[in-house]
Structure formats: structure tokens, C-alpha cells
S.K.: 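Below is one structure. I have some questions about it.
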Amino acid sequence: METLAIVGASLAGLSAARAARAKGFAGRLVIVGDEAERPYDRPPLSKDFLLGRMTAGDLALEAGNEDLQAEWLLGHRALGLDGEAKAIMLEDGTIIAADGIVIATGASARRLPSLEGFTNVHTLRTLDDSRQLAAELLPGRRLVIIGAGFIGAEVASTASSLGLEVTLVNAEPVPFSAALGAEMGEVVAGLQVSRGVALLRDTTIDSVESAGGRVTGLNLTNGQRLAADLVLVGIGAVPNTAWLSFSGLDVKNGVLCDAAGRTNLPGIVAAGDCAAWFDERAETHRRVEHWTSATEQAEIAVEALLGAAPSAAKPKPHYFWSDQHGVKLQFAGNAGEADRVEIEAGSAQAHDLLAVYYRASEPVAVLGMNQPRLFVKWRRALAQAAASAPTSSVPA
Amino acid sequence: MHRACPLNDLARGDAIRLDTSPPIAVFHTEEGELFAIDDTCTHQDASLADGWVEGCEVECPLHASKFDLRTGAVDSPPAKLPVRVHEVAVIDGDIMVIESQEAPNLPPGLTVGGHV
């Protein structure tokens with residue numbers, strides 16, 4: 001392989017580039033990114049960066065002396081891909097022909113059509129988004145957050161610590177239930193409420209009141225009216241795959257890949273938020289937006305692309321974390337597989353629990369709240385169980 | 001030189017955190033080797049003594065950065081800077097740590113004395 005092109009210059013793209021060099025790829029390495037910034041870490045955008053405790057420099061993912069010997073094309077959006085010819089077309093008309101391609105274009109914040117075009121409505125995905133939101137987080141303001149997912153909950157935490165009056169509006173009855181299950185979703189909801197965040201459940205926007213291009217109030221389907229100084233829409237993300245129309249790649253909710261990141265076209269792999277890998281345990285394609293998946297998938301996909309021997313590392317259960325109101329939430333595994341949850345240590349009231357999710361007698365997931373040491377032990381036990389179970393296997 | 005604990009009190013696979021400034025983590029690996037590195041992850045405030053040790057690497061308990069116990073080098077993001085490694089000796093049955101004289105790489109918001 002002479003030229004390897006990576007489309008996407010965030011965590012998955014950078015991880016792919018590092019993996020390629022680590023596996024001995026010595027050819028031409030081209031990295032395309034639509035944002036002008038060097039690769040940066042996104043989780044703090046809703047937490048310490050939004051609070052002003054971290055700077056943009058702190059977010060940089062590259063070490064100061066790191067040199068991947070790559071051609072960085074930053075601030076260049078990819079507009080199209082010819083999958084047969086393995087040619088990438090950029091916004092400015094440049095064509096990049098490659099022998100191997102890693103698609104790592106990530107995902108964008110999902111938007112609400114009824115809230116488009118207002119100057120005080122925000123989404124949060126990029127450094128610019130976080131800067132714009134930070135400038136608006138002034139004490140005493142009323143912030144309405146649409147969607148009590150993790151981004152919404154983290155911004156609720158940050159904003160309430162800055163003295164804003166925060167309301168979370170959730171379409172479902174129990175927040176976080178898709179990720180944590182209903183029982184533990186309720187526990188995390190309780191954390192938000194105990195810290196003064198108003199949580200409205202099972203309701204959505206019915207109509208929007210505005211003046212001078214700004215939203216001033218939201219009327220909800222439950223009949224309530226919320227006055228708002230600013231609004232954050234945190235209702236999930238959509239994969240950045242529009243540029244792959246006519247590429248010949250199979251794309252549904254994400255680029256469809258096998259369990260090693262290979263797409264339906266030879267020489268093209270995908271990793272991270274834009275990719276839906278085949279999950280052998282669930283027997284379906286799944287798009288996993290966790291930070292850890294972006295790094296792990298990038299490495300596996302590059303190995304598959306270069307034909308390198310897969311590393312001996314066993315696949316670990318999905319892992320993600322969240323920081324809310326000073327509580328470190330950590331979760332590993334899949335809550336959807338469980339039939340019951342046991343609190344093994346601490347308590348829900350004190351927000352320091354360690355909860356294990358079981359299917360019959362088998363642990364399938366674990367949640368920790370301010371329990372990093374115990375959580376690591378359980379996460380490890382889950383990984384060992386997954387590695388020895390016949391339903392899971394090392395990706396080919 | 002810091003006294004950690006009697007060797008007999010630190011089982012293989014375990015780690016302890018010393019309340020030095022900055023804190024130091026001492027690991028007794030499954031293979032029976034002893035290592036000491038700075039306890040605080042260089043990315044954010046987390047105790048590496050709580051981390052996941054595999055072979056000669058510890059993974060930060062929070063955000064999965066991996067550090068080499070022998071060299072302190074970081075192998076996985078989000079951390080970018082290495083931790084210091086310290087010399088370990090067993091003297092009269094006690095684990096002793098000789099602290100490195102290098103400047104530590106502490107995460108944003110932390111100093112040798114603690115939080116800013």
C-alpha cells in the first residue's frame with residue numbers, strides 16, 4: 001500500500017493514523033478533517049472546558065513532539081467518494097487517490113427543525129459550539145435543555161454550578177434508560193433533581209415563542225410553558241455519511257462494517273461514530289458512539305486494512321463515563337441484556353453506588369458512581385467473562 | 001526515600017497509593033515485579049493505583065490512558081505526557097521508594113500541593 005487516506009481528523013482518525021504507523025506503514029499518509037483545529041478531545045467540551053477549567057491547548061490529543069509524517073488537510077470537508085476507484089473529492093475540488101481508506105468522519109448533533117434559526121439555541125459537538133455556549137452561561141439565566149441524555153445532563157451540571165436555572169426536558173418517562181436501564185436511569189435522574197435541576201418527563205415541544213430572532217419561551221405538550229434565555233438541544237447525533245452517497249458503500253445508520261471494520265468495498269474500512277460494526281454478541285450492526293470505541297475500532301480496522309496480524313488484545317465490553325454534579329459515573333457492558341440489577345456497594349441516596357447488572361447469574365454490565373477502584377475490578381471481571389464466553393470472539 | 005508498606009502486605013495484582021506530594025502509586029504485578037510511578041494521571045485527576053494493570057501497563061481507571069510501569073510512557077489518549085517512574089527497593093521486608101528528582105507532569109488544575 002502506497003497511500004493511506006484517513007477521512008476524519010478527530011479521535012478515531014488520529015487513532016487510525018497512529019495505529020498505521022505503529023504497524024509499520026511507511027507510505028504516504030493523508031489525513032482530511034473538516035474542522036480547522038488539530039485533533040482535540042471532545043468529552044471536556046460539556047464539562048471542564050465549558051467551565052473554563054481547561055483550555056483549548058489542554059484538549060489537544062497530540063503530544064507536542066508527535067510527528068506522524070502525515071499530510072494534514074484540515075479545514076477541508078470531503079464531499080464525495082468513488083468507492084471503486086478509492087478517490088476522495090474535497091470541497092475545493094481536490095481529488096485524493098488512495099490505496100486504502102479509513103472513514104472516520106464522526107457524527108453531528110441532531111437538530112430540531114422547530115428550533116432552527118434562533119441565535120440563542122445551541123447544540124454541542126465541537127470546540128466552537130462549546131465556546132459559543134460558554135459565553136452564554138451567565139448566572140441567573142434560564143437554560144432549557146431539550147433531551148436528558150449525557151450531553152444534556154453534563155451541561156445541566158456545568159450550568160447549574162455556574163448559577164443558571166436549568167430545566168431538562170425529556171421525551172421519555174425515564175432519562176438515561178436506554179444506556180443504564182430504567183432503575184439506574186432513575187438514580188441518575190435523582191442526582192440531577194437533588195442538585196436543583198428541574199426535570200420534566202414524558203413531554204416535548206409543542207410550540208416556540210420568540211422575539212428578535214431569540215427563543216423566549218417553549219410551550220410543552222403537557223401544557224406547561226417554560227421561559228427561556230437560552231436553549232440547548234441535546235437529542236443525540238447523526239452519523240456524518242451524507243458525503244458517501246453514490247460511493248457504493250452500504251450505509252444505513254452509519255457505514256455498515258463487519259466485526260473488524262471492513263466495509264462492503266475492499267480497501268475501505270470505517271471506525272468510530274460514523275461506523276456501524278457488526279456486533280457478534282447482538283447479531284446485528286450497531287453504531288457505538290463511545291469515546292473508547294473510537295480508539296479501539298480505529299486500531300482493529302487499520303490492522304484489517306493493512307493485513308497485519310490482529311493484536312492479541314481481547315475485546316473489552318463497551319465502556320463510557322460521565323461527570324455530573326461532582327459524581328463520576330462509569331458504565332461498562334450492555335444494560336439491555338440484564339434481567340435485574342443488584343447494588344453491590346454504596347447507595348443510590350449517597351450517589352456512591354456500585355451496581356451490577358445480571359442476566360440470570362451472569363454479570364453483563366456494571367455502573368459505578370464515585371467508585372473508580374471497585375468499578376475497575378468489575379469491568380475487568382466482565383471482560384474476562386466476555387472473553388471466555390462462546391458467544392463472543394476476537395474479531396477476524 | 002519513602003516507606004510504602006511491608007512487601008507481605010501488598011499481594012500480587014494489588015497497588016497502593018502513597019500520600020506523598022504528589023502521590024506515588026506502587027504496583028505489585030501478577031508476575032511478581034514491583035513498580036512505582038506518579039499516582040495521578042497526567043490527563044485529569046485520577047488515581048492510577050485504582051487502575052487496570054495488564055502485564056507492564058496500567059490503564060487509568062477513568063479515561064483509559066495507558067502508562068508503561070517501567071518507563072512511565074503514555075501509550076493511549078487522552079493523556080499526552082508521561083508519568084515519572086521511581087526506584088523501588090525492598091529493604092528489611094519493606095517496600096521503599098526513591099522518588100525521582102524530575103518535575104512531575106500533573107494534569108490541568110493540579111499542583112504538587114493539590115488542587116489549584
Side-chain angles (χ1 to χ4, degrees), chain A residues 10-12 14-15 18-19 22 39-44 47-49 51-66 290-296 298-299 312-314 316 319-323 328-330 332 368 370-381 383-384, chain B residues 10-18 23 25-30 39-68 71-83 103 105-111 114-116:
Chain A
S10 193
L11 182 64
L14 174 65
S15 301
R18 284 176 170 164
Y40 62 90
D41 200 31
R42 294 178 199 269
K47 306 185 267 278
D48 280 359
F49 181 79
L51 261 182
R53 283 197 199 143
M54 283 178 98
T55 64
D58 293 330
L59 300 184
L61 284 169
E62 296 163 285
N65 57 356
E66 183 168 2
H290 304 324
W291 189 97
T292 45
S293 302
T295 57
E296 287 164 9
E299 198 166 323
K314 297 178 185 112
K316 291 176 180 174
Y319 167 54
F320 66 87
W321 67 85
S322 176
D323 296 321
K328 290 193 188 312
L329 294 161
Q330 296 176 281
N370 276 347
Q371 290 279 9
R373 189 178 187 103
L374 208 47
F375 178 83
V376 165
K377 289 192 192 306
W378 274 99
R379 189 177 157 222
R380 209 173 164 143
Q384 279 157 1
Chain B
L10 188 65
R12 288 188 181 199
D14 274 356
I16 56 161
R17 176 183 194 268
L18 311 187
V26 181
F27 297 87
H28 193 183
T29 65
E30 297 286 356
D39 181 58
T40 309
C41 178
T42 61
H43 166 244
Q44 274 181 35
D45 189 8
S47 171
L48 295 177
D50 290 345
W52 180 335
V53 178
E54 264 181 324
C56 274
E57 256 186 354
V58 60
E59 179 182 312
C60 172
L62 293 187
H63 304 145
S65 279
K66 289 178 189 158
F67 297 91
D68 190 313
T71 64
V74 61
D75 184 39
S76 301
K80 291 168 282 189
L81 298 172
V83 288
N105 292 313
L106 295 170
L110 277 190
T111 64
H115 287 268
V116 174

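Basis for what follows: all heavy atoms, side chains included, without hydrogens, waters or symmetry-related copies. All chains are named by letter (A, B, ...) in the order of the sequence lines, taking the proteins before the strands, and each is independently numbered beginning at 1.
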S.K.: Side chain, backbone, both or neither: which part of Pro44(A) has a heavy atom under 4.5 Å from chain B?
M.R.: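 Contact with chain B is through the side chain of Pro44(A) alone.
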S.K.: Tell me, side chain or backbone of Ala60(A) under 4.5 Å from chain B's heavy atoms, or both, or neither?
M.R.: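 Both parts, backbone and side chain.
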S.K.: Test of understanding: with side chain to side chain contact (heavy atoms under 4.5 Å, CB included), list the residues that count as partners of Ala56(A), not counting sequence neighbours.
M.R.: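 Scan of Ala56(A) (side chain to side chain contact (heavy atoms under 4.5 Å, CB included), adjacent residues dropped) gives Phe49(A), Leu127(A), Arg131(A).
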S.K.: Less than 3.5 Å apart and able to act as donor and acceptor by atom type: which atom pairs between chain B and chain A qualify?
M.R.:
| residue | atom | partner | partner atom | Å |
| --- | --- | --- | --- | --- |
| Ala15(B) | O | Arg373(A) | NH2 | 3.1 |
| Asp50(B) | OD1 | Arg373(A) | NH1 | 2.8 |
| Val53(B) | O | Arg380(A) | NH1 | 3.2 |
| Val53(B) | O | Arg380(A) | NH2 | 2.9 |
| Glu59(B) | OE1 | Lys316(A) | NZ | 2.8 |
| Glu59(B) | OE2 | Arg379(A) | NH1 | 2.8 |
| Glu59(B) | OE2 | Arg379(A) | NH2 | 3.2 |
| Pro61(B) | O | Tyr319(A) | OH | 3.4 |
| Pro61(B) | O | Gln330(A) | NE2 | 2.6 |
| Leu62(B) | O | Tyr319(A) | OH | 2.5 |
| His63(B) | NE2 | Trp321(A) | NE1 | 3.2 |
| Lys80(B) | NZ | Gly57(A) | O | 3.4 |
| Lys80(B) | NZ | Asp58(A) | O | 3.4 |
| Lys80(B) | NZ | Ala60(A) | O | 2.8 |

S.K.: Non-hydrogen atoms of chain B under 4.5 Å away: do they reach the side chain of Leu374(A), the backbone, both or neither?
M.R.: neither
S.K.: Looking only at non-hydrogen atoms, find the nearest pair between Val376(A) and Pro61(B) and report the distance.
M.R.: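 Closest approach of Val376(A) to Pro61(B), heavy atoms only: CG2-CB, 3.6 Å.
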